[in-house]
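Worksheet for the structure shown next.
Every chain is numbered from 1 and lettered A, B, ... according to where its sequence line falls, protein lines coming before strand lines. These numbers come from the heavy atoms of this one structure, side chains and all, not from hydrogens, waters or symmetry mates. Predicted model, so just to flag it, every value in this text is computed and none were measured.
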2 protein chains.
Amino acid sequence: MTVTIYDVAREANVSMATVSRVVNGNQNVKPATRKKVLKVIEELGYRPNAVARGLASKKTTTVGVIIPDISNSMYAELARGIEDIATMYRYNIILSNSDQNQNKELQLLETMLGKQVDGIVFMSGVITPELLHEMERSSTPIVLAGSIDESAAIASVNIDYYGAAYEAVKKLIDNGHKKIAFVSGPLTSKVNKDYKLKAYRQALLDADIEFEEQLVVECNNSYEEGMEAVETLKALDPTAYFVSNDEMSIGVIHQLEANGKRIPEDVEIVSYENSKLARMARPMLTSIAFPLYDIGAVSMRLLTKYMNKEEIEEKQVILPYRIEERQSTKNND
Amino acid sequence: MTVTIYDVAREANVSMATVSRVVNGNQNVKPATRKKVLKVIEELGYRPNAVARGLASKKTTTVGVIIPDISNSMYAELARGIEDIATMYRYNIILSNSDQNQNKELQLLETMLGKQVDGIVFMSGVITPELLHEMERSSTPIVLAGSIDESAAIASVNIDYYGAAYEAVKKLIDNGHKKIAFVSGPLTSKVNKDYKLKAYRQALLDADIEFEEQLVVECNNSYEEGMEAVETLKALDPTAYFVSNDEMSIGVIHQLEANGKRIPEDVEIVSYENSKLARMARPMLTSIAFPLYDIGAVSMRLLTKYMNKEEIEEKQVILPYRIEERQSTKNND
DNA sequence: CTGAAAGCGCTAACAA
DNA sequence: TTGTTAGCGCTTTCAG
């Protein structure tokens, strides 16, 4: 039924090995026989079976990608970065959503290793010890994308979350604000809890501003909770907001405006992410550029190096961030 | 090095066949031996090799997904629908972006078939004859998600694009508008050209409104081109807009407001998509609900039926749409 | 309920 | 430059 390498060999009067060589672009084939084989392949409509190839060669040219949720634009951007580089290196992607659920993450890892992927790009807010243990146990290369593992046991690519957050808050302080709210994503996520929040506190401390617990509101990263955060903070009446992502920032703006505030005249906002949404907001958002696409691309590139057993110069990659100033802050140029 | 089924068999004093049976949940195993085998599996840390299994069984429990661009929220939503159902049925997803480039689509199909996927979910604005030919040639089940193949040769799931667009325009007409612009996505896409545009023309015709070529503006679906469309149409000064997706609608609104128009008082807008953005816009968008997640989910469900060789009652599935009325139109309840 | 044995389609030494 | 021959790790008859 399906035509195999054996059928081609027979028709072309050569051995399987020779067919295999031409299919794999091995140079040790006389041009004439190559041509002959190619012709038969064409005639028979032969298509190499990658599964058989994978079993024999122990390489599948596919990599696993485990991310929280592809329908979230941040992770989708990351995924696109991964896929573009993967394609460039001729890898395919097995993509799975973990919803940050640790059991699912563990099980997904297991499944992908079972499928003999050549490598894995993994993203999650928390890399638990169990996860880390599984990752170290496996001989399959893994790189963490936008995810922190402080033990530095696993390769990773990130930005300087602390520095970025510090700069955002610093800007607000420099603009004269004393009462700065922090609308955070889930504090279960290490980046939020141990980097952004700490940077926020430290920036305040460095400016002799007292930290007030109530000024930090934990949200689920959604537009709606951004709006709610403003209501939660209403009594405190902060004059500036540092917000964890663009979607929530838009919620913050809308609710602030509903409450009669003008932005940036009455309230200034620094967002974090700098996605397309930052330009689609009114006023447009000043936002810390968090380069998701690049993180994905660099992670995948790093992974290819591991898969090729190349020399790795930097196991923990830190990509640059920058602050994109727009209309949600008063800018003094 | 890696532990195989053979190692387990030896340690447990049974045959490979028995180990295979317990791994695959075959009931024909005495509880005692099952337990013994399970124990050895645990001890040795045995993990079945899915590639070998795939070669032997000719099933990979993975399906291919070819979509235009995962970083576009519409397709990301679709992908999530597909993945959720796939997970439910224990399939994994190989995800690839085609950027609607036909060569890439063809080559991706080829790659996935080579990888022996059990099925494919495919999405594209245009299903060319070449593509159709390849799809029909393959014995691997394929379903088209949100993509039109008028020959109805391939299974598909869609909504009634024509009816949805007709209703959108009709609503604008019913609200008294005579000069209704259509800000369309690429007219290379069949849905836009042969369904939405035709519905727009017919709705006008049915209301004795003359069709004006200049009132339809072709865009690339982006926010920026939504804004530009308004400028392009400035001289004609339409009093209503039917816009192909939410992102462009926001661009339209912002540019309209920049030009001093009030919405919906001066200009009414009906969007198409009804994503999260529709609620994040100000005013919030009246939008035709285009259920991407559901299309993905139903496509995948349909695919499972083909993969299981189940009876298919409906090869061309049409999902319902509805119009979600919000603030960008005047609503007369 | 269990085992033996024949592949699945290909790669990769090793020979020639 | 080409062919021979083992596997790769598992499923699946077929016997018993």
Spacing between B:M16 atom CE and C:dA4 atom P, to the nearest angstrom: 11 Å
Short side-chain N/O contact to D:dT11 OP1/OP2 from B:N24, under 4.0 Å: yes
CD/A:E42: more than 12 non-hydrogen atoms of other groups inside 6.0 Å: no
Spacing between B:I5 atom CD1 and C:dG3 atom C1', to the nearest angstrom: 13 Å
Sugar-phosphate only, base, or nothing, as touched by B:V23 at under 4.0 Å among non-hydrogen atoms: nothing
Spacing between A:K58 atom NZ and D:dC10 atom P, to the nearest angstrom: 10 Å
Nearest-0.5 Å distance, CG of residue A:L55 to OG1 of residue A:T60: 11.5 Å
Base of C:dG9 paired with side chain of A:R47 (donor-acceptor, under 3.5 Å): no
Residue-phosphate contact under 4.0 Å: B:S57 side-chain N/O, D:dC10 OP1/OP2: no
For atom CZ of B:R21 and atom P of D:dT12, their distance in whole Å: 11 Å
A:T2 side chain near C:dG9 phosphate (N/O to OP1/OP2, under 4.0 Å): yes
Side-chain N,O (B:R53) to OP1/OP2 (D:dG9) below 4.0 Å: no
Distance below 4.0 Å between B:T33 side-chain N/O and C:dT2 OP1 or OP2: yes
NZ/A:K315: more than 12 non-hydrogen atoms of other groups inside 6.0 Å: yes
Value in whole Å for how far the P atom of C:dA12 lies from NZ of A:K59: 6 Å
Length of the line joining A:I41:CD1 and C:dG9:P, which is rounded to integer Å: 16 Å
CZ on B:R21 to CG on B:N28, rounded to 0.5 Å: 7.0 Å
Integer-rounded Å distance: D:dC10 C1' and B:Y6 OH: 14 Å
Side chain of B:A52 - closest among D:dG9, D:dT11, C:dA4: D:dG9
Note: B:E11-B:K36 ion pair, threshold 4.0 Å (strictly below): no
Presence of B:Y46 side-chain N/O under 4.0 Å of D:dC10 phosphate oxygens OP1/OP2: yes
Salt-bridge present (B:E134, B:R137; N to O < 4.0 Å): yes
Length of the line joining A:K36:NZ and D:dT2:P, which is rounded to integer Å: 8 Å
Under-4.0 Å side-chain N/O to phosphate OP1/OP2 contact, A:S15 with D:dT4: no
Any B:T18 side-chain nitrogen or oxygen under 4.0 Å from OP1 or OP2 of C:dG3: yes
Nucleotide of D:dG3, D:dT2, D:dT12 approaching A:N28 most closely (side-chain heavy atoms): D:dT2
Closest nucleotide among C:dA12, C:dA4, D:dG9 to the B:N49 side chain: D:dG9
Per B:L55 side chain, nearest of listed nucleotides C:dC8, D:dC10, C:dT11: C:dC8
Under 4.0 angstrom between A:T4 side-chain N/O and C:dG9 OP1 or OP2: no
